[in-house]
Amino acid sequence: MLRWLIATLHLLALPLGLGAVWARNRALRGALSADGLRRVFVADNLWGVAAVLWIGTGLLRAFGGLEKGAGYYLHDPVFYAKMGLLAVILLLEIRPMTTLIRWRIALGRGASIDTSPALALARISEIQAGLVVLIVFAATALARGLFL
Ligand code: HEM
């Protein structure tokens, strides 16, 4: 039962995360009015929720004895490829995360924000969306032991 629930949550993070990071990209390219910024922040929040779901449920599946066991995954090079791609996504996230936190704080204080990095953040979000798609290729190969 737990195995089924955790696997479902892990998969549901995919439409949520991919949709959110794409929506963040689109919103950052649009007019950054109060409404536009609200769209950026909502998409950013959902992207954060997806990351927590992916990592939380993924670690439980791999190391919580829910699937094939830690030994299986730690011996499959595709697992390291999947984790490597995830690490790149997380490293790329440093700039959007710190910038958007600064924007949220400034707007909360009623101060103005410098939106000049918006296009760069949109490009980063686009690259992250592409990396998520690559992770799906790795995940499905991993589940089937394709490169073992
Ligand atoms: C710490 C991060 C993660 C860990 C430890 C992890 C671990 C796992 C594990 C153990 C499975 C089950 C594989 C099996 O059936 O043997 C799985 C499946 C899957 N994961 Fe992850 N995962 C992580 C992040 C992600 C991310 C970021 C994505 C985004 C695309 C993702 C997409 C998938 C998909 C689509 C499957 C289903 C594969 C299939 O059944 O064909 N995972 N993951």
Side-chain angles (χ1 to χ4, degrees), residues 1-30 32 35-108 113 115-148:
M1 185 75 173
L2 183 67
R3 181 182 178 216
W4 172 48
L5 183 69
I6 296 298
T8 304
L9 290 176
H10 196 66
L11 289 190
L12 283 178
L14 181 55
L16 178 67
L18 195 54
V21 78
W22 194 257
R24 187 174 77 174
N25 160 45
R26 300 300 307 163
L28 283 162
R29 286 173 194 275
L32 292 175
D35 244 23
L37 283 169
R38 196 183 44 79
R39 274 195 293 277
V40 171
F41 295 141
V42 169
D44 188 56
N45 291 342
L46 294 176
W47 174 234
V49 171
V52 170
L53 266 182
W54 263 324
I55 295 170
T57 58
L59 291 175
L60 266 176
R61 293 184 85 187
F63 304 111
L66 293 183
E67 301 288 345
K68 302 180 179 80
Y72 173 90
Y73 299 113
L74 293 175
H75 283 95
D76 191 332
V78 180
F79 181 71
Y80 296 98
K82 184 175 170 181
M83 292 303 107
L85 289 165
L86 179 62
V88 176
I89 290 183
L90 294 176
L91 285 175
L92 284 172
E93 187 56 25
I94 293 172
R95 187 164 176 214
M97 187 178 69
T98 52
T99 309
L100 293 180
I101 287 175
R102 267 202 311 275
W103 286 9
R104 286 176 199 257
I105 293 173
L107 291 170
I113 54 168
T115 58
S116 60
L119 190 60
L121 301 190
R123 284 207 190 99
I124 291 172
S125 305
E126 215 170 47
I127 294 167
Q128 288 172 314
L131 290 168
V132 168
V133 172
L134 289 183
I135 292 185
V136 177
F137 278 96
T140 49
L142 176 68
R144 287 155 188 79
L146 281 194
F147 297 95
L148 262 181

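Counting starts at 1 for both ligands and their atoms, following the listed order.
The shortest distance between side-chain heavy atoms of L134 and L131 falls below 4.5 Å. A heavy-atom distance below 4.5 Å is found between the side chains of L14 and V132. For the pair R144 and T140, the minimum side-chain heavy-atom distance is below 4.5 Å. The closest side-chain heavy-atom distance from L86 to W54 is not below 4.5 Å. Between R102 and I113, the closest side-chain pair of non-hydrogen atoms is not below 4.5 Å. For the pair K68 and R61, the minimum side-chain heavy-atom distance is 4.5 Å or more. Considering only heavy atoms from C-beta on, V78 stays 4.5 Å or farther from L146 through its side chain.
For atom 3 (C) of ligand 1, the nearest non-hydrogen atom of the protein is M83 CE, 3.4 Å. In terms of protein heavy atoms, atom 40 (O) of ligand 1 is closest to A143 CB, 3.8 Å. For atom 1 (C) of ligand 1, the closest heavy atom belonging to the protein is L86 CD2, 3.7 Å. Protein heavy atom closest to atom 13 (C) of ligand 1, with residue, atom name and distance, is Y73 OH, 3.5 Å. For atom 41 (O) of ligand 1, the closest non-hydrogen atom of the protein is R144 NH1, 2.6 Å. At the top of the distance list for atom 15 (O) of ligand 1, counting protein heavy atoms only, stands K68 NZ, 3.1 Å. From the protein, the heavy atom lying nearest to atom 37 (C) of ligand 1 is L11 CD2, 3.7 Å.
When all heavy atoms are compared, the tightest approach of R104 to D44 is NH2-OD2, 2.9 Å.
When each atom of ligand 1 is checked for a heavy atom of V136 under 4.0 Å away, the hits are 30 (C). Numbered from 1 in the order shown, with element, the atoms of ligand 1 that lie under 4.0 Å from a heavy atom of T140 read 41 (O).
Taking the six-membered ring for Trp and thresholds of 30 and 60 degrees, F79 and F63 have ring planes more than 60 degrees apart, a perpendicular arrangement.
To the nearest 0.5 Å, atoms CG (L28) and OG1 (T99) are separated by 9.5 Å.
For atom 21 (Fe) of ligand 1, the neighbouring protein N/O/S atoms at less than 2.8 Å, given as residue and atom, are H10 NE2, K82 NZ.
Counting heavy atoms closer than 4.0 Å to ligand 1, residue Y72 contributes nothing at all. Contact annotation for I89 and ligand 1: no heavy atom of the residue comes within less than 4.0 Å of the ligand.
The closest donor-acceptor contact from the side chain of Y72 to the backbone of E67 lies at 3.5 Å or more, if one exists at all.
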